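Single-structure report; data block below.
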Amino acid sequence: MAELRPDLYKAQVPLGGAAPEERLVEECARLDEMIPVPWVVLSQGVARDDFPAAVRAACRAGASGMLAGRAIWSDLVGSAEPAAGLRARSVPRLRRLAAIVDEHARPWTAR
């Protein structure tokens, strides 16, 4: 589908993010060679605790960022106080992911 040149290509993290970071960088670099437009990785299928390293690997290999939902808030489903949990746990997770993207991602305009 990348050959159709969408504005953004959304890719799952290779190997489900369950590999050493350098291996993920290698696999993401293979994606980067085939995707001619800005691309991001999805949190789908990646364990929440593995997602930051997966984002770093993808960005080091050429990704422009990430799209995440469950990796940020999934442990709060059914919580008695979701708003407090979002502030205490999800906001710091999102900030950490944003810092990784800011440090390692290819700028959106570079492709």
Side-chain angles (χ1 to χ4, degrees):
M1 298 303 292
E3 293 176 5
L4 297 175
R5 299 195 62 84
D7 292 332
L8 174 69
Y9 192 91
K10 299 180 284 185
Q12 290 186 327
V13 177
L15 308 173
E21 187 170 332
E22 292 308 314
R23 174 79 194 281
L24 291 175
V25 170
E26 292 170 8
E27 294 297 321
C28 287
R30 291 177 59 209
L31 284 176
D32 190 63
E33 291 173 10
M34 298 184 309
I35 301 172
V37 296
W39 63 282
V40 298
V41 289
L42 303 169
S43 65
Q44 178 185 6
V46 180
R48 185 178 49 256
D49 292 340
D50 293 340
F51 193 57
V55 169
R56 186 172 41 252
C59 289
R60 287 176 51 207
S64 292
M66 57 84 194
L67 290 174
R70 288 171 280 218
I72 296 170
W73 51 258
S74 65
D75 61 333
L76 299 171
V77 173
S79 170
E81 297 196 34
L86 288 169
R87 282 189 297 276
R89 295 195 303 241
S90 299
V91 169
R93 285 181 191 137
L94 185 56
R95 285 185 177 143
R96 179 177 178 205
L97 291 166
I100 291 167
V101 169
D102 287 347
E103 182 176 350
H104 298 286
R106 172 186 287 152
W108 180 266
T109 57
R111 285 211 170 192

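Keep in mind that this is a model prediction, so the values were computed, not measured. Side chains are part of it too, since the values below use all heavy atoms of this structure and drop only hydrogens, waters and symmetry mates.
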Can you give me every donor-acceptor pair (side chain of residues 1-13, partner residue at least two apart or in another chain, under 3.5 Å) with its distance?
residue : atom : partner : partner atom : Å
R5      : NH2  : P36     : O            : 3.4
Q12     : NE2  : Q44     : OE1          : 3.2

Study note, to complete from the structure: So CG of D75 and CG of D49: to nearest 0.5 Å the spacing works out to 9.0 Å
Review point. If you look at every heavy atom in A105 and G65, which pair is closest and at what distance?
Key: CB-N, 4.2 Å
**Study point:** M34 with V37, same ILVMFWY side-chain cluster at under 4.5 Å
**Key:** yes
Review point. So do L97 and I72 actually touch side chain to side chain, heavy atoms under 4.5 Å?
Key: yes
**Study point:** Linked, directly or transitively: L15 and V55 (ILVMFWY side chains, under 4.5 Å)
**Key:** yes
Review point. Of all heavy-atom pairs between P14 and L24, which one has the smallest distance, and what is that distance?
Key: O-CD2, 3.3 Å
Exercise for review: State plainly whether the residues E27 and R30 are in salt-bridge range, i.e. N to O under 4.0 Å.
Suggested key: yes
Review point. Less than 4.0 Å between a side-chain N and a carboxylate O, is that true for E81 and R87?
Key: no
Practice item. Quick one: closest heavy-atom pair of A54 and V46, and the distance? Key: CB-CG1, 4.5 Å
Check your understanding: Distance from E33 atom CD to L31 atom CG, nearest 0.5 Å?
Key -> 9.5 Å
Point to revise | Heavy-atom pair with the smallest gap, counting every atom of S64 and P38 | key: OG-CB, 4.0 Å
Point to revise | Smallest separation among heavy atoms of A58 and V41, with atom names | key: CB-CG1, 3.5 Å
Check your understanding: Does any N or O in the side chain of R56 come within less than 3.5 Å of the main-chain N or O of I100, such that one atom is a donor and the other an acceptor?
Key -> no
Check your understanding: In this structure, are over 12 heavy atoms from other groups packed under 6.0 Å from R106 atom CZ?
Key -> yes
Exercise for review: With the side chain counted from C-beta on, respond yes when S79 and W73 share a heavy-atom pair under 4.5 Å apart, and no when they do not.
Suggested key: no
Practice item. Could you grab the distance from atom CD of E21 to atom CZ of R60, nearest 0.5 Å is fine? Key: 5.0 Å
Review point. Any chain of hydrophobic side-chain contacts (each under 4.5 Å) joining V101 to V91?
Key: no
Study note, to complete from the structure: Between V25 and A61, the two heavy atoms sitting closest are O-CB, 3.6 Å
Check your understanding: Hey, are the side chains of F51 and M66 touching, using non-hydrogen atoms and a 4.5 Å cut-off?
Key -> yes
